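A short worksheet on the structure shown next.
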Number of protein chains: 2
Amino acid sequence: MARAGITTERLILMGAELADEVGIERVTLAEVARRFGVKTASLYSHVANTAALDDGISLLALAELAELATEATSGRAQREALAGLANAYRDYALAHPGRFAAMLRPLTPEVAAASAGPRHARLTEAVLAGYGLTPEAHPHAVRLIGSTVRGFITLEAAGGFAHSAPPAAESWRSIIDALDALLRNWPAPDSSHHGHTTSERNHA
Amino acid sequence: MARAGITTERLILMGAELADEVGIERVTLAEVARRFGVKTASLYSHVANTAALDDGISLLALAELAELATEATSGRAQREALAGLANAYRDYALAHPGRFAAMLRPLTPEVAAASAGPRHARLTEAVLAGYGLTPEAHPHAVRLIGSTVRGFITLEAAGGFAHSAPPAAESWRSIIDALDALLRNWPAPDSSHHGHTTSERNHA
DNA sequence: GAAAAATCCTAACATGTATAGGTTTGGCGT
DNA sequence: ACGCCAAACCTATACATGTTAGGATTTTTC
């Protein structure tokens, strides 16, 4: 019987492809083994367990997307850079929904400690450098961009825009315009509202 | 042997509590049964299957949050209403992470068809009514708010802000301020950029 | 109080994860 | 060329969850 020639990398890649086809939550060692024509137990020579496979897919996606995002922003500034970054994310999520979903899940603590940390945030920081924000506003703006992009993409993936006009792509462009405008005109800290509302009491 | 007195509602509530404790992905009929002191198979008199339990938790969260959000926005406008809505979401997510995560997952198609549709969007629309946006901008703004709130909350829950300053709550307030400013000054559609960039070619 | 219905049970099977320990294969040194 | 050995793969086993079928028991209803 010829061997399947499995390596950890090929295994993770197979898992990533499977994720894109059926969703990350249905990626199973049993199914990956089936696709390699191998018994499930055999995979434990290449990965420690299911969590390790998930981590691998996550890190693969992280690396692939970082590459694309870097390319999409280099040599650009302001709206061009912002749109490049945002589109890199959305395009990747549409092309590789399973990988992208895997990437959103927190890594296993040990792996997280060993891996490269917040590559995303650093990319966003580079984009925002062109907007001349104040040092206090900067991290908030980074988080706003990250939140909005993540939120939009996951909402779209969950079908949140499917049953209503206008098409998602149109809102996407509009939202990028809006964020660009906002970054160009970031509001000064407003101290005129100090927890008036009930729900703000917990946010003092 | 006295009976456990399980009803569909109590079962779903137990599932919701379990979700808040251990995460929605670890909510299992077996564990729920254990907590009721009952065999797993017995639960099938009350729910069709695991998917139905998930749907139930999802709908419970949807209803609870809609109630809170309605309360938090009624009688308010502009920033007050926006902050009320956003804080209602975040407070709920912090208090009930499992329920909230359940809510983000798409419902089973049959249940989705039968249920009340996009209650969220309607609440956001009400908030935005006070900003006097143009009819074209309106749906985009609704989606921006929804995306940002969802994105921030899930990022925070995933620990995305845990290992860097400033504290999440500070960014949260700043982001609400920024969104408020943006809604008050929504940019006119900008036609000056027509797919220059590589990554925009697919977004014509 | 008996019939009917709801609740809970046991039993069985399917799928997935994981470990232990055995067999085969392919490369490597001599 | 040949034998060794480590890696790749296997069988067997144990256990968890999900799900269905059909039986027993409690509760409700008339």
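None of the values given here were measured: they were computed from a predicted structure. The basis for the numbers below is simple: all heavy atoms, side chains too, and nothing from hydrogens, waters or symmetry mates. Proteins get letters first, then strands, A, B, ... in listed order; numbering begins at 1 in each.
- In this structure, Lys39(B) atom NZ and dG18(D) atom C1' are separated by 16 Å, rounded to whole Å.
- The minimum heavy-atom distance between Ala129(B) and His138(B), with the atom names listed, is N-NE2, 4.3 Å.
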Below 3.5 Å between N/O atoms, which protein atoms pair up with nucleotides 15-17 of chain C? Just atom names and distances, please.
unit_1  : atom_1 : unit_2   : atom_2 : d
dG16(C) : OP2    : Arg34(A) : NH2    : 2.6
dG16(C) : O3'    : Thr28(A) : OG1    : 3.1
dT17(C) : OP1    : Thr28(A) : OG1    : 3.3
dT17(C) : OP2    : Thr28(A) : OG1    : 2.8
dT17(C) : OP2    : Leu29(A) : N      : 3.2
dT17(C) : OP2    : Ala30(A) : N      : 3.1

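- The six-membered or imidazole ring of His96(A) lies away from that of Phe100(A), with a centre-to-centre distance of 6.0 Å or more.
- The cationic group of Arg143(B) lies under 6.0 Å from the six-membered ring centre of Phe161(A) and within 45° of the ring axis, placing it in a cation-pi geometry.
- A salt bridge links Glu31(B) with Arg34(B): at least one charged nitrogen is closer than 4.0 Å to a carboxylate oxygen.
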What's touching nucleotides 5-7 of chain C from the protein side, N or O pairs under 3.5 Å?
unit_1 : atom_1 : unit_2  : atom_2 : d
dT7(C) : O4'    : Arg3(B) : NH1    : 2.8
dT7(C) : O2     : Arg3(B) : NH2    : 3.0

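- Taking 4.5 Å as the limit, some side-chain heavy atom of Leu62(B) sits within range of a side-chain heavy atom of His120(B).
- In terms of heavy atoms, Phe152(B) sits closest to Ser171(B) at CE1-CB, 4.1 Å.
- The pair Arg35(A)-Glu21(A) counts as a salt bridge, with a side-chain nitrogen and a carboxylate oxygen less than 4.0 angstrom apart.
- We find that Arg105(A) and Glu25(A) are not joined by a salt bridge, their nearest charged nitrogen and carboxylate oxygen being 4.0 Å or further apart.
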